[in-house]
Amino acid sequence: MQCILGNFPFGFFAFPLDAVMALLWMALMWYGYKELRTTAIVRMLLSPAATRWTLGWFLVGCLVIGLFPQLSAREAAERQGVFSLLGCYNFMSSWIFVTGLFGLLTHLGLVTLRRCFIPGRNRWRFVLNHAGLWLALFAGFIGSASEQTLRIPVFRDAPNNEAFTSEGERVFLDKPLQLTRFTVEHYDNGTPRYFFAEVSLDGKPVHLEVNHPYSAGWGEDYYLTSYDVQSSEPAYCVVQIVREPLKYVMLVGIVMMLCGGFLLFLGGPDRNSKSVLSGGDSRILNVD
């Protein structure tokens, strides 16, 4: 699929199709565990081998992301060679990485469902930890279809609502931006030490600093990234707009995972769980 079609078309699965697909995916996992867990494919997805394969695949994918420079889709398309054909320069959008992450999430979801139905003192701690991990990865995976990063030059002399994607596509914002004030401080050698901008966002004053974004709404943040370095009185600055609709869902998942891990650490191993299970179920619990 990667060699024939190129990278995974995340844009095609933007809202509301991503929400429909997510609900269908969760419903299939629930039905698969409740009604089909004796079938070969569900037993395979619940096996320790599935854990090793999906985690191994995911870790190899992370190594590829670390070893190859990750470029925009347009820049990656200009690269030549076998690594470019396999999507290594934009690997998180490749069919290879998406397939591995889909397999990992399906396996993790089924394991979490199974633990919900097995009694034990640490049951809900395990579920909280693993459900949080699943939710964080799931939000990042599904939210990729609706995520968007834009850059817009904000001028002092006139408002502007014309932004650009990393691929150079033009996007018109609902609210125009205009630079009203810009302050920069320099080191003795002339390099910038600190700078901030006052921007009018549809008539509303907004203060922007590096690493201090302005939150314009649910999952939409404005970052100050650059400015006119050719003039002593900058005529414009560059603002980056990051839209992540599921950012807070991911944050909830991370908090759940950390809380579950902390509770598992405090509770210690569930030593009495074997006594409440019969042979096959005891083996399953030991895998968990």
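Under the 30°/60° scheme for interplanar angles, the aromatic rings of F83 and F68 are found to be tilted. Relative orientation of the F141 and W25 rings is perpendicular, given thresholds of 30° and 60° on the angle between their planes. Using cut-offs of 30° and 60° on the angle between ring planes, the pair F138 and W134 is parallel.
The shortest side-chain heavy-atom distance between L104 and W57 does not fall under the 4.5 Å cut-off. Looking at L173 and I241, their side chains come closer than 4.5 Å, going by heavy atoms from C-beta outward. N90 places none of its side-chain heavy atoms less than 4.5 Å from the side chain of L71. Taking the side chain as every heavy atom from C-beta outward, V239 and T225 never approach each other to under 4.5 Å. Between W124 and C116, some side-chain heavy-atom pair lies under the 4.5 Å cut-off. Proximity of P205 to T180: side-chain heavy atoms (C-beta onward) are nowhere separated by under 4.5 Å. With a 4.5 Å cut-off on side-chain heavy atoms, K247 and V242 do not count as touching. Residues R243 and E147 fail the side-chain proximity criterion, which asks for heavy atoms closer than 4.5 Å.
In this structure, the separation between CE on M44 and CG on L46 is 9.5 Å, given to the nearest 0.5 Å. Interatomic distance, CG of L45 versus CG of L108, reported as 12.0 Å (0.5 Å rounding). Distance check, rounded to the nearest 0.5 Å: CZ of R74 to OG1 of T165 gives 8.0 Å. To the nearest 0.5 Å, atom CD of residue E209 and atom OG1 of residue T183 are 10.0 Å apart. Distance CG/L23 to CG/L28: 11.0 Å, rounded to 0.5 Å. The distance from the CG atom of L246 to the CG atom of L251 is 12.5 Å, given to the nearest 0.5 Å.
R123 contributes no side-chain N or O that, together with a main-chain N or O of F126, makes up a donor-acceptor pair within less than 3.5 Å. Side-chain atoms of N129 come within 3.5 Å of backbone atoms of M257 as a donor-acceptor pair (strictly under, hydrogens ignored). N160 places no side-chain N or O within 3.5 Å of a backbone atom of F155 that could act as its donor or acceptor partner.
Taking both residues in full, the closest heavy atoms of S84 and R79 are given as OG-O, 2.9 Å, listed atom of the first, atom of the second, then distance. Between V154 and L179, the shortest heavy-atom contact is CG1-N, 3.3 Å. Here the closest heavy-atom approach between residue I152 and residue A163 is recorded as CB-CB, 3.8 Å. Counting all heavy atoms, side chain and backbone alike, L208 lies closest to L224 at O-CD2, 3.6 Å. N161 and P176 make their closest contact through CB-CA, 3.9 Å (heavy atoms, listed as atom of the first residue, atom of the second, distance). What you find for E162 and P153 is that their closest heavy atoms are O-CD, 4.0 Å.
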Side chain to side chain contact (heavy atoms under 4.5 Å, CB included) between E75 and Y89, intermediate numbers included: CA-CA 9 Å; E75 293 172 330; Y89 297 104; over 6 Å; no

If you apply the rule side chain to side chain contact (heavy atoms under 4.5 Å, CB included), what do you find for E185 with F195, and how did you get there? CA-CA 6 Å; E185 299 177 2; F195 57 90; over 6 Å; no

Please report the C-alpha distance between Y222 and L177 in whole Å, then the side-chain angles of each, then the deciding distance to 0.1 Å, and finally whether the side chain to side chain contact (heavy atoms under 4.5 Å, CB included) criterion is met. CA-CA 11 Å; Y222 287 66; L177 289 85; 4.0 Å; yes

Verify side chain to side chain contact (heavy atoms under 4.5 Å, CB included) between F117 and K34, making sure each step is shown before the conclusion. CA-CA 10 Å; F117 295 98; K34 292 293 290 182; 3.8 Å; yes

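Ion pairing between a basic and an acidic side chain is recognised when a charged N comes within 4.0 Å of a carboxylate O; D228 and R156 show no such pairing.
Within 6.0 Å of CE on M92 lie no more than 12 heavy atoms contributed by other residues, nucleotides or ligands. Counting heavy-atom neighbours within 6.0 Å of I41 CD1, excluding the residue itself, gives a total of 12 or less. By the 6.0 Å contact criterion, CZ on F262 is open, its count of non-hydrogen atoms from other residues, nucleotides or ligands being 12 or less. Heavy atoms from other residues, nucleotides or ligands lying under 6.0 Å from CG of N189 number more than 12. Annotation: M26, atom CE; neighbour count of heavy atoms from other residues, nucleotides and ligands within 6.0 Å is above 12.
Note: the hydrophobic cluster containing V252 also contains L133 (ILVMFWY, side chain heavy atoms under 4.5 Å, direct or indirect links). Criterion: ILVMFWY side-chain heavy atoms under 4.5 Å apart, direct or through other members. Under it, Y31 and V20 are not part of a common hydrophobic cluster. Under the 4.5 Å side-chain contact rule for hydrophobic residues, F8 and M1 share a cluster. One hydrophobic cluster, built from ILVMFWY side chains closer than 4.5 Å, cannot hold both V210 and Y223; they sit in different ones. Linking Ile, Leu, Val, Met, Phe, Trp and Tyr residues whenever their side-chain heavy atoms come within less than 4.5 Å leaves V238 and F164 in two separate clusters.
Side-chain contact of N7 with Q2: a donor-acceptor pair under 3.5 Å is present, judged by distance alone.
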